[in-house]
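This report concerns only the one structure given below.
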Amino acid sequence: MILFVIISLQGAQLIEMASGTETYVSKDTQLYKNYDQLYKKNFETDSIVVMIQGNEVASEAVMKAADKLEQQMLIVPGVLSVTSPATLINQINYQVSGRSKIPDSDRGVQELINSQPSLFETLLPDKTHMMIVIKIAGSSTDQQKEDILNALYPSLNEAGFPPGYSLIVTGSPALRIDIDNEMTQSMGVLLGISSILMVIVLLLVFRHVRWGLLPLPVVLLGVFFTFGFMGYSGVPMTMVSMAAFPVLIGIGIDYAIQFHNRMEEEIRAGNSSKKALILTTKHTAPAVLIALIMTSLGFVSLFTSTVPMIQEFGILLLIGIVMCYLSALFFGLVTLYSFDWVSKKSPLRRFKQKTAESETENPPPNIPSAKVERAKALENALIKSADFTIRHSKIILVVALLTCFAGLYADRSVPIQTDTNSFIPQDMPSLINYKQMMDLLPGSGDHFNIILRVKDNSDPEILKWIDEFSQHEVTNRRHVNGATSIVDLVKEQNGGTIPETSEEIQAIYDEISDSQKQEYMLGSQLLTIDLDIGQAMENIEITGIKELRDIIQEDIQWMQLPPGVSVVITGQSVAMIDIVVALTSGRSLMTMLGVGLVLMGLIVVYRDPIKALSPIIPMFIVVGWSGLIMAGLNIAYTPMTAVLGALILGVGSEYSILMMERYFEEKDNGLDPVSAINQAVTTTGSALIASGATTVFGFSALIFSPFPILSNFGLVTVIDVCLAIFVTFVVFPPLIVMMDTRREKRRAASLAAVAAAV
């Protein structure tokens, strides 16, 4: 275990944060390949924006500071260009006076701005706001972007902006880095809250054993091992994979509790520490291992998702439950054995007292009567509940199935939330600044990027088609706010018209600077049209973006392309369309595959239809109820809540399997079905209540996450785990007794028929 700790400590240092498009969209899809290979590597630029706010930004002092900042940032590696009102003033002043210089008075600055006000509309939206746009290559790595930002902050201090002006750094790179930092802080908070909640619930529901808090360090050790393997396997930390650790605490502590509870039960029965360890390993380890395998099969369905961070979530869960099982089996049981051995050998009175208590089958007089009464009260309540459900088995099963199918139907009307900005904390200052920037800076929102493959980019017919198409989209498509292309630069150089010959166009290309051309053309065979679709991700979401993409595709087909030209619509917004598929058809496929895999696994392990079906049916009912709850609470599906079906199967099937294992163990000891289920409910059931409560509390930590995507997931998961515990005690007992009793009757009838025939 010490060796594992050392190895995991090294691996945990290799974990990287991730929050970009790659976490939502698989790199293997054609949509992403078009975006990455055609647009991102060739044309995409990213922008870091500095917003200056003050009483009068169009002043000589502010412009000179902006000019100084521009000169400092242009020499930073990775910066393609810096554009501000100071840039435009220098250009205008050079045309007028032959000197590229900021005037020495506020009046001189204002006169140059008023001479061509249309040029300044974007970067000077009003008298109190000014924008400085620092363009960097879209293919820049996160580290390169962070290096540029690290160079920007000291440059802002050295630029000499007047006192009283606020300088806000925003843009996509700055927002992503802040999200990564927020995720790192949130991870520690979630684990801390989860651990505190675990302590509370263990003190409340696991008081009937010695060392009742031991399962917590056991499961935390398993989580630590998971961190290590996460680093070695290259799985990044995303806003979804953060949820894996409270989930693992909730699931893994169940393993530790089951082992702990059974060993204490064997010791109370009069067995030695060694014998108790052997019996616990013999009876509980295989049952928990089967539950783990079935849980894993439920999680395997997560790999059918097209969202990478869901697949990574599945990898973490699979690694994590194995680590938690190993920690519970080896560290947990060995620690319990050692504690019990020490308590018998130690001369200390408190250890002797605890040993006397543990070896006495009936509680000694010095045990508080209230504790005994609580234990008996719980057992009596569980037995009464089982008897009641068995007496009314038909009504309970019919109502459960009807509400399940109602939930499956209601699930179809649950809305889908795909605005990725809504997944992060809405009160993050960086997000507020980013939204303010998008409102003030035209063209800073979402875009469609149309890539044209051509034989000759100076063909006049191609440029005329681009011009006609761009005007058509801006005029006729409500969500297309603007269109820019190389045609705008050509027309600007040619008096507002497109030349009639390739030679004239090529001559204009030669006059345009490379920095301007590289945004719209590459070589002689690639051109791009940039369609500004505003705040589409927020206003019309991914579903609306998909519909708009399809309409534009139809427009391209209707407006016949010149011969030899092919078109691809791409861009970050288009690449994100894959999320819609993952949250619609992908969600249902994931759940059904999970049901099928768990069922097949149970059939292979038990080769018994009763043992295969009895744990699956209650969990299928919970899946239906989950849809009913989400529809009732109007909670939208996100990439996180889309995994609930697989998660319910993985977590909930464990409860039913452990209850079923104890039921058939008691039957093998000679009990009838009703007595066997009562014994299972009072022994394994009491441990399931403790582990179920700890699981609920573990998941509850997610509710406190500042990320809405995790908070909603935590709320629904807590409800679903409560439902899983509910069906284990209300639906499973009558179901297993009814199915097993009918099988016994059929066997008895079959034997009677054979005997009569003989």
Side-chain angles (χ1 to χ4, degrees), residues 204-206 208 254 257-258 261 265 371-407 610-611 613-626 628-629 648 651-696 718-746:
L204 291 175
V205 303
F206 208 47
H208 60 284
D254 185 39
I257 286 175
Q258 292 299 328
N261 189 74
E265 182 184 332
K371 185 173 182 179
V372 177
E373 290 176 2
R374 281 197 298 270
K376 289 183 177 180
L378 177 61
E379 291 180 5
N380 291 333
L382 292 174
I383 291 174
K384 288 181 181 179
S385 172
D387 289 340
F388 177 84
T389 58
I390 292 170
R391 286 198 308 270
H392 302 87
S393 58
K394 292 182 179 179
I395 296 176
I396 289 174
L397 293 175
V398 168
V399 171
L401 289 172
L402 287 177
T403 51
C404 168
F405 290 121
I610 301 298
K611 291 184 177 181
L613 286 173
S614 55
I616 282 291
I617 293 174
M619 293 310 104
F620 183 74
I621 290 172
V622 174
V623 170
W625 288 354
S626 178
L628 200 62
I629 287 172
I648 293 168
V651 176
S653 59
E654 177 191 344
Y655 300 149
S656 298
I657 289 170
L658 292 174
M659 186 78 81
M660 180 185 69
E661 283 281 336
R662 189 58 183 258
Y663 168 79
F664 282 106
E665 181 185 336
E666 298 299 338
K667 276 200 68 183
D668 291 341
N669 292 334
L671 297 180
D672 62 86
V674 174
S675 300
I677 194 65
N678 283 336
Q679 184 66 19
V681 164
T682 55
T683 53
T684 301
S686 60
L688 285 179
I689 289 177
S691 61
T694 54
T695 301
V696 168
V718 165
I719 296 173
D720 287 345
V721 172
C722 290
L723 292 177
I725 298 171
F726 178 79
V727 297
T728 301
F729 287 95
V730 175
V731 176
F732 178 79
L735 179 67
I736 189 70
V737 169
M738 183 180 70
M739 294 173 70
D740 194 33
T741 302
R742 289 189 177 184
R743 179 170 63 178
E744 289 185 351
K745 288 181 179 179
R746 285 196 299 269

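Only this structure's heavy atoms are used, side chains among them; waters, hydrogens and symmetry mates stay out. As the structure is a computational prediction, the values presented were derived from the model and not from experiment.
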Enumerate donor-acceptor pairs with a distance under 3.5 Å from any side-chain N or O in residues 398-407 to protein atoms, sequence neighbours excluded.
| from | atom 1 | to | atom 2 | distance (Å) |
| --- | --- | --- | --- | --- |
| T403 | OG1 | V399 | O | 2.8 |
| T403 | OG1 | A400 | O | 2.9 |
| T403 | OG1 | W625 | NE1 | 2.7 |

Shortest non-hydrogen contact from I725 toward A693: CD1-N, 4.3 Å
Flag, side chain of T682 to backbone of Q679, donor-acceptor distance under 3.5 Å: yes
OG on S393 to CZ on F388, rounded to 0.5 Å: 11.0 Å
Step-by-step side chain to side chain contact (heavy atoms under 4.5 Å, CB included) determination, C722 to V696: CA-CA 7 Å; C722 290; V696 168; 3.8 Å; yes
Interatomic spacing from CG in L613 to CE in M739 - rounded to 0.5 Å: 5.0 Å
Other residues, nucleotides, ligands: >12 heavy atoms within 6.0 Å of F726 CZ: no
Intermediate values then yes/no, side chain to side chain contact (heavy atoms under 4.5 Å, CB included), D387 and N678: CA-CA 8 Å; D387 289 340; N678 283 336; 3.4 Å; yes
Between NZ on residue K611 and CD on residue E661, distance to nearest 0.5 Å: 6.5 Å
Close side-chain approach of P615 and Y655, heavy atoms under 4.5 Å: no
Any pair counted as salt bridge (charged side-chain N to carboxylate O under 4.0 Å, His left out), so long as it reaches residues 663-672, sequence neighbours left out: R262-E665, R662-E666, K667-D740, K667-E744
Distance-only criterion, 3.5 Å: show the donor-acceptor pairs between side-chain atoms of residues 728-735 and protein atoms not counting sequence neighbours.
| from | atom 1 | to | atom 2 | distance (Å) |
| --- | --- | --- | --- | --- |
| T728 | OG1 | A724 | O | 2.7 |

Rounded distance (nearest 0.5 Å) linking atom CD1 of I648 with atom CG of D720: 3.5 Å
More than 12 heavy atoms from other groups under 6.0 Å of CZ on R391: yes
From I257 atom CD1 to I689 atom CD1, the distance as rounded to the nearest 0.5 Å: 11.5 Å
Min side-chain heavy-atom separation L397-I617 under 4.5 Å: no
Pairwise distance CD1(I396) to NZ(K394) - rounded to 0.5 angstrom: 13.0 Å
